[in-house]
Amino acid sequence: MRGIAVPDRAPDYLRRLAAYRSRTAFTSGGIEPVADSGFEGNSVFAAALLDELDANDGLIAASELFVSVRRRVTLNSDQTPHYAPILRAGHEDGDFLFALP
């Protein structure tokens, strides 16, 4: 979410997360090989991410999305997604917010 006002009806914690910079990486795996296919033309990771985005409406923090995606990917493959701040990139403990219709 970039340059979009967080709605007044959004929970306070989402407004706080949006107030600070987020410099994070959300990856499909670590140093192990990751699958490029697996579910209807998508990788296991991409399928889980798209399904979780489709299942939500309104605002969702990337850190919340990650928990669901990681669970699905680790249960269905030999890879483990990662989500962490990028070192020395200006991370201020905010989070990316996905605004969903």
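Here CD1 of I86 is found 6.5 Å from OG1 of T24. Values are rounded to the nearest 0.5 Å. Expressed to the nearest 0.5 Å, how far OH of Y83 lies from CG of L65 amounts to 9.0 Å. Taking CZ of R23 as the reference point, atom CZ of F96 lies at 6.5 Å (rounded to 0.5 Å). Separation of atoms CZ (F98) and CG (L49) is listed at 6.5 Å; rounding is to 0.5 Å. Between I31 atom CD1 and T80 atom OG1 the span is 11.0 Å, to the nearest 0.5 Å.
Within the structure, every pair that satisfies the side-chain hydrogen bond (donor to acceptor under 3.5 Å, both in side chains) test and touches residues 61-71, not counting sequence neighbours, is listed here: Y13-E64, S63-D95. Identified under the side-chain hydrogen bond (donor to acceptor under 3.5 Å, both in side chains) test for residues 25-36, with sequence neighbours left out: none.
Nearest heavy-atom pair across Q79 and V34 is OE1-CA, 3.3 Å. Here the closest non-hydrogen pair linking L17 and A61 is CD1-CB, 4.1 Å. Between V73 and A48 the shortest heavy-atom distance is CG2-CB, 3.9 Å. In terms of heavy-atom proximity, T74 sits nearest to P81 at CG2-CD, 4.1 Å.
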Exercise for review: Would you sort out whether H91 and S22 count as a side chain to side chain contact (heavy atoms under 4.5 Å, CB included), showing the intermediate values?
Suggested key: CA-CA 5 Å; H91 182 69; S22 178; 4.0 Å; yes

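Ring to ring, F26 and F45 are close: their centroids are under 6.0 angstrom apart.
Qualifying salt bridge (charged side-chain N to carboxylate O under 4.0 Å, His left out) partners for D51, counting only residues two or more places apart in sequence or in other chains: R72.
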